[in-house]
Amino acid sequence: MGLDPEEADGHGTLCLHAFSDLTHVSPLVFLYLLKQCYIHGSCKATKKFQALQHRVHQVLANNPQPGPSTFIVYCLNLLPVFGVYGEGFSHLIISALRRYFKSASAPASSQEDVASARSLAARLFLAIVGGSVAYDEKVMVNTLKVFDVGLASIDEALSKEGSASSCASAFLEEYISELIKSKSFMTAVSLLEHFSFSFPGETFLQQMVEDKDFQAAEKWATFMGRPSLCLLVQEYGSRNMLKQAYNVMKKHYLQHEFPDLCYKCKESALKDLAEKACWDVAETKAKGDRQLLEYLVYLAMEAGYYEKVDELCERYSLEGLPKAQEAEVDFVNKCFLHLNDLAVEEVVWVDDVNGLREATSFLEGCKVVGLDCEWKPNYMKGSKPNKVSIMQIGSDSKIFILDLIKLYYDASEILDTCLSQILQSYSTLKLGYNFQCDIRQLALSYGDLKCFKSYDMLLDIQNVFKEPCGGLSGLTKKILGVGLNKTRRNSDWEQRPLTQNQLEYAALDAAVLIHIFRHVRDHPPHDTTLETVQWKSHIVSHMDNPKKSKKKPKCHSTQTSDSTFNKPSSSS
């Protein structure tokens, strides 16, 4: 049995033993050869599984004795002796047999073969239940399904084994009850569905929900019908599990039976999106529903995203709501850090060569700068992210916001040179928060620029703290006593001009890094409630040119004078 070169798809081969006729091949020999093919094949595991499954499906048509169905049951009985390969191969040959049954070219199996296989499969099921054959519960259920083993076959198997059980129904109910006690809910549900039992009742559904086995709960409720699905929705609703409740309602068309809960679920979904600052997605989800749009306006007011409030009210003629905005302003202003709180004197928008050169000259004279960047979110699953739109670089007093899209289009070489001077400067400490992720995105956005492929003296602030602090906003709150408003994080950063709120948001992210750094620098680890590590050990560099990197000291922390960072200069 082998794998053709084209089937290998260039990822190796699986050709070790060649046979296509199972007429005189025993199940044991067949499984041994299957194992050898798998072990010595050089493809990846998934590719090997698919190729072997296809070949087993093919050779089942070549007259295995006493028939393809019976042959596979014999194999299933033998597979446990193959140890770790047993479970995987059982799934492989069962799926191959199922595929064989569906094949239009496959000869019809004889009634004798099917009856024999069903009888043997029922006895195998009893052996698995009794523990004499070790198999995964999923294999057991698949065996019952593929051989269509019913109550009559179980009855026959019980009588042949001289079991004390009076009938298959009593035996199965007892076994399923044990599965439920051991919380093997999915197996229990699969057996109840296969044998058309309904004995556990409503408490069974509650047990599965309490144990968070939602997949089994929905499978059982679907099998039992609409009343059970309604009970499941009620269970989810009573536990405030709104996402699960809405998914069941939508999938089984139950929205009209739970109008209040359905609306509550939609509100919850909008709130989740608002908390992630996905305002455009939230607006799309509202689908023009006035009540939901009003709720979205309320969320935007609560978050202090006033331009979104105005935008929604104007677009959907939501009269009267802007008045409520005034009552929210003072409250929101007290909840979040503002640019004025950090005494930033100037935010400079840079979109031409002269402005870029002036910014570079200023930043080269700074001992410490904060870095960040923004790009327009892309909500289409699987699509490429948009290009980085802006980059914020600045000191604690002056922040430059670079329009990367325009500067790249107008003067890519000058942009490359200026940013290289800043990012690769050994005399300026660059502060970021998860900035190595940002710099990868910058490199992807502007692949022909060299400036984003090399950097020196970069300190990622998040690495200085041993415990996670809930992002930059959470860290800011712990150190400065008030967090950052992140509601504009996923706004449209490609629109021009940016709003004043967007500019302040962008500048604040860069400026606050310097204030956090000062806290770290001025408070040794043992003197602060936030446990930190020695920050100098986290300064990193990355140089694409190995010759250039050799000119720099290997360990910046040992080569850098403490005075460089212990005293703030006029620009840092």
Side-chain angles (χ1 to χ4, degrees), residues 49 72-73 75-80 82-98 117-158 161 163 165 167-225 228-229 231-232 235-236 244 247-248 251:
F49 184 94
I72 292 298
V73 181
C75 290
L76 289 171
N77 275 281
L78 290 168
L79 271 173
F82 284 81
V84 293
Y85 298 96
E87 185 180 328
F89 284 174
S90 63
H91 287 296
L92 187 154
I93 62 175
I94 287 173
S95 58
L97 181 64
R98 189 181 287 117
R118 186 175 294 123
S119 178
L120 289 169
R123 296 180 69 178
L124 175 60
F125 169 71
L126 294 182
I128 296 170
V129 172
S132 58
V133 176
Y135 257 134
D136 177 74
E137 291 174 350
K138 191 174 181 181
V139 174
M140 176 184 71
V141 172
N142 287 339
T143 301
L144 292 173
K145 288 181 178 179
V146 77
F147 296 105
D148 194 23
V149 177
L151 289 173
S153 301
I154 302 296
D155 261 328
E156 180 188 345
L158 285 169
E161 293 193 359
S163 173
S165 299
C167 66
S169 295
F171 172 82
L172 288 166
E173 286 187 12
E174 183 181 349
Y175 176 58
I176 292 170
S177 296
E178 290 300 319
L179 288 172
I180 293 171
K181 286 179 184 177
S182 64
K183 297 186 177 181
S184 296
F185 295 125
M186 184 55 81
T187 303
V189 167
S190 298
L191 293 178
L192 288 164
E193 186 180 33
H194 180 75
F195 292 108
S196 299
F197 288 163
S198 58
F199 69 85
E202 184 179 334
T203 55
F204 180 45
L205 198 62
Q206 293 170 341
Q207 279 182 272
M208 289 185 282
V209 174
E210 284 175 5
D211 206 58
K212 298 182 180 179
D213 197 338
F214 307 132
Q215 187 178 1
E218 186 175 348
K219 182 180 175 70
W220 173 239
T222 304
F223 168 66
M224 292 297 289
S228 291
L229 285 166
L231 282 174
L232 181 60
E235 277 291 320
Y236 285 150
Q244 288 85 349
N247 287 340
V248 174
K251 186 175 179 180

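Residue indices begin at 1 and follow the sequence shown.
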Show your reasoning for whether side chain to side chain contact (heavy atoms under 4.5 Å, CB included) applies to N77 and V73. CA-CA 6 Å; N77 275 281; V73 181; 3.7 Å; yes
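- Taken to the nearest 0.5 Å, the CZ atom of F185 stands 13.5 Å off from the NZ atom of K212.
- Of all non-hydrogen atoms in A188 and F204, the two that sit nearest each other are CB-CZ, 4.4 Å.
- In this structure, the side chain of D213 does not engage the main chain of M208 through any donor-acceptor pair within 3.5 Å.
- In this structure, I93 and L79 have side chains that are in contact, with non-hydrogen atoms separated by less than 4.5 Å.
- Here the straight-line distance linking atom CG of L232 with atom NZ of K219 works out to 14.0 Å at 0.5 Å rounding.
- Between I94 and L76, some side-chain heavy-atom pair lies under the 4.5 Å cut-off.
- In terms of modelled atom types and a separation under 3.5 Å, the side chain of Y135 and the main chain of A127 share no donor-acceptor contact.
- Shown here for V129 and Y175, the closest heavy-atom pair between the two residues is CG1-CD1, 3.6 Å.
- Smallest separation of non-hydrogen atoms from S90 and V139: OG-CG2, 3.3 Å.
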Could you walk me through whether F223 and S228 pass side chain to side chain contact (heavy atoms under 4.5 Å, CB included), step by step? CA-CA 9 Å; F223 168 66; S228 291; over 6 Å; no
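- Counting all heavy atoms, side chain and backbone alike, G150 lies closest to F195 at C-CE2, 3.9 Å.
- Heavy atoms only, all atoms of each residue included: L158 and A168 are closest at CD1-CA, 3.8 Å.
- Looking only at distances, no side-chain donor or acceptor of H91 sits under 3.5 Å from a matching main-chain atom of K138.
- Atoms CG and CD, on L151 and E156 in that order, are 13.0 Å from each other to the nearest 0.5 Å.
- Taking a 6.0 Å sphere around CD of Q215, one finds it holds 12 or fewer heavy atoms contributed by other residues, nucleotides or ligands.
- Annotation: side chain of E137 is in contact with side chain of L179 (closest heavy-atom distance under 4.5 Å).
- How far CE of M224 is from CG of L231: 9.5 Å, rounded to the nearest 0.5 Å.
- R123 CZ: 12 or fewer foreign heavy atoms inside a 6.0 Å radius.
- Looking at L192 and W220, their side chains come closer than 4.5 Å, going by heavy atoms from C-beta outward.
- From K181, atom NZ reaches atom CD1 of I176 across 13.5 Å, with rounding to the nearest 0.5 Å.
- Atom CD1 of I180 sits about 11.0 Å away from atom OG1 of T187, to the nearest 0.5 Å.
- At least one donor-acceptor pair under 3.5 Å links the side chain of R118 to the backbone N or O of F147.
- Looking at every heavy atom in both residues, T143 comes nearest to V149 through O-CG2, 4.5 Å.
- Using a 4.5 Å cut-off on side-chain heavy atoms (C-beta onward), F125 and L172 make contact.
- Counting heavy atoms from C-beta outward, S190 and M186 have side chains that approach closer than 4.5 Å.
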